[in-house]
Amino acid sequence: MPAQAKHAVLPRASHDDAARQAFVETMGRTVLPTLATLNRAAYGKVGNASMDRHRLRRTLSDHPAWQLSSALRLVHQEALWDSVIGSVERQLPNLVAAADRLRATQRHATLRLDPSLDVPRYLAAVDIHLMPGNYDGERIEDDISAGALYDRGVFIRALGLRGAYGEDYGASFGDFVRARFPDLAVRRVLEIGCAVGGSTLGLVEAFPEAQVHAIDVAAPVLRYAQARMESLGRRAHFEQQNAERLSFDDDTFDVVAGFALLHETSAKALPRILREVHRVLRPGRVAIFRERPAFSTLTPLEAHEIDWDTYYNGEPFYGQFFSLDRRQIFLDAGFRPDRIISDAVQSHEHGGRQGVAYPGFGAWK
């Protein structure tokens, strides 16, 4: 696995931490891919192409191969966070102090929090992807532990393939926008659901002349994101906002982006968010999102394997989101039928050499 780039608020691993994290990484790289073989074996015995994912789940749930596969996935996910959380807890006072110093300067990255903002229940009520405390958990003043846990944990889970700073989503989609819309003058960019700011950094790199705004509902990850960006000397503006009610004026942004965001929103929140995206986009400008493929493009077994997260991985909206007609949700938000985007976005970090491609979809106004 490539090494994660260091910055001022990244938790450092002790010898034992590093050993546990290496075990989790090796399990993710070697054991988890073999689970597909177990699933195919179980499917070959009791499944068939006429089954939808719901019937297939009920049918496979008693099969030993599927039970083993599911148990190993769950063990890996829980072990992932366990391998990181000890280092975060031991170093938390020092990490918070470093973040406070970086927030006090704000020479490059700014932060604006809204203490009156209530984290939506559809996010606050669950530990998404089983991360202890979720994005918004706070135990001490100026807590950044959620950001530190997420930053290191996701790097391990992704096997380092999102870039040394986790910037690949933003950089790749920025490349895509510049190639697809070469005459588009990008002066203002908005990222929704920025978490720790990895993809934000990619957008900053992709649009160096633009003013980049990044929002999230959770203060701990925003504090971490601002400190992280400030320590790297890169310019971005982080704000605590609910994307269902953006504070920005109409026709404000040239690019609006979100990465692995929409599947974590409720059925009620999703249309509100996309209507807000349409509102703040300038005419002729583009909204682009990264999500896994829709169930309609997959085999029943593939859809069933993704739907595992709905039931066991703290992703309660997975199933409903990946069942949606993505074209229709943008039409409902006000975008025109001839302006819908659906493309695979080639990875910036790997230049396509490893065949890395991200499902991208969106629309231009």
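In this chain, numbering begins with 1 at the start of the sequence shown.
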- Query: Under the side-chain hydrogen bond (donor to acceptor under 3.5 Å, both in side chains) test, which residues partner Asp338, sequence neighbours left out?
  - Reply: Arg336

- Message: Does this structure show an ion pair linking Glu89 with Arg139, if we count only N-O contacts that are shorter than 4.0 Å?
- Response: yes

- Is the backbone N or O of Leu262 less than 3.5 Å from a side-chain atom of Glu291, with the two atoms forming a donor-acceptor pair by type? yes

- Message: Please determine whether a side-chain nitrogen of the Lys or Arg among Arg73 and Asp309 lies less than 4.0 Å from a carboxylate oxygen of the Asp or Glu.
- Response: yes

- Task: Name the orientation class of the two ring planes belonging to Trp308 and Tyr312 (parallel below 30°, tilted from 30 to 60°, perpendicular beyond 60°).
- Result: tilted

- Side chains of Arg187 and Gln211: closer than 4.5 Å at any heavy-atom pair? no

- Query: Would you call Arg228-Asp151 a salt bridge at under 4.0 Å N-O?
  - Reply: yes

- Name all residues meeting the salt bridge (Lys or Arg N to Asp or Glu O under 4.0 Å) criterion together with Glu78; count only those two or more places apart in sequence or in a different chain, and write none if there are none. none

- Query: Under the ring pair (Phe, Tyr, Trp, His ring centres under 6.0 Å) rule, what pairs show up with a residue in residues 188-247, not counting sequence neighbours?
  - Reply: His7-Tyr224, His213-His237, His213-Phe248, His213-Phe253

- If you draw the axis of the six-membered ring of Tyr311, does the NZ or CZ of Arg57 fall within 45° of it and under 6.0 Å from the ring centre? yes

- Message: Using a strict threshold of under 4.0 Å (side-chain N to carboxylate O), is an ion pair present between Glu230 and Arg235?
- Response: no

- Does Ser69 have any side-chain hydrogen bond (donor to acceptor under 3.5 Å, both in side chains) partners at least two apart in sequence or in another chain, and if so, which? Asn39

- Counterpart residues, salt bridge (Lys or Arg N to Asp or Glu O under 4.0 Å), relative to Asp100 (two or more places apart): Arg103

- Which heavy atom in Val46 sits nearest to a heavy atom in Met51, and how many Å separate them? O-CE, 3.4 Å

- For the pair Asn134 (side chain) and Ile128 (backbone), establish whether a donor and an acceptor sit closer than 3.5 Å, ignoring hydrogens and angles. yes

- Task: With sequence neighbours excluded, tell me which residues meet ring pair (Phe, Tyr, Trp, His ring centres under 6.0 Å) with Phe335.
- Result: His278, Phe330

- Message: Please report whether the ring centroid of Tyr318 lies less than 6.0 Å from that of His263.
- Response: yes

- Item | Minimum heavy-atom distance Leu331-Ile340, with the two atoms named | CD2-CD1, 4.2 Å

- Any donor and acceptor pair, going by atom type alone, linking the side chain of Glu25 with main-chain N or O of Ile156 inside 3.5 Å? no

- Task: Go through the structure and list residues passing ring pair (Phe, Tyr, Trp, His ring centres under 6.0 Å) with Phe155, not counting sequence neighbours.
- Result: none

- Parallel under 30°, tilted from 30 to 60°, perpendicular over 60°: which one fits the rings of Phe173 and Phe259? perpendicular

- What are the two closest heavy atoms between Met27 and Val75, and how far apart are they? CE-CG1, 4.4 Å

- Task: Under the salt bridge (Lys or Arg N to Asp or Glu O under 4.0 Å) rule, collect the residues that match up with Asp62, sequence neighbours excluded.
- Result: none

- Item | Ser61: partners by side-chain hydrogen bond (donor to acceptor under 3.5 Å, both in side chains), with sequence neighbours left out | none

- Applying salt bridge (Lys or Arg N to Asp or Glu O under 4.0 Å), name anything that partners Glu302, two or more places apart in sequence or on another chain. none

- By side-chain hydrogen bond (donor to acceptor under 3.5 Å, both in side chains), which residues pair with Arg180, not counting sequence neighbours? Asp343

- Could you name each residue pair satisfying salt bridge (Lys or Arg N to Asp or Glu O under 4.0 Å) that touches residues 236-255, not counting sequence neighbours? Arg112-Glu239, Glu244-Arg272, Asp250-Arg279, Asp251-Lys365, Asp254-Arg282, Asp254-Arg285

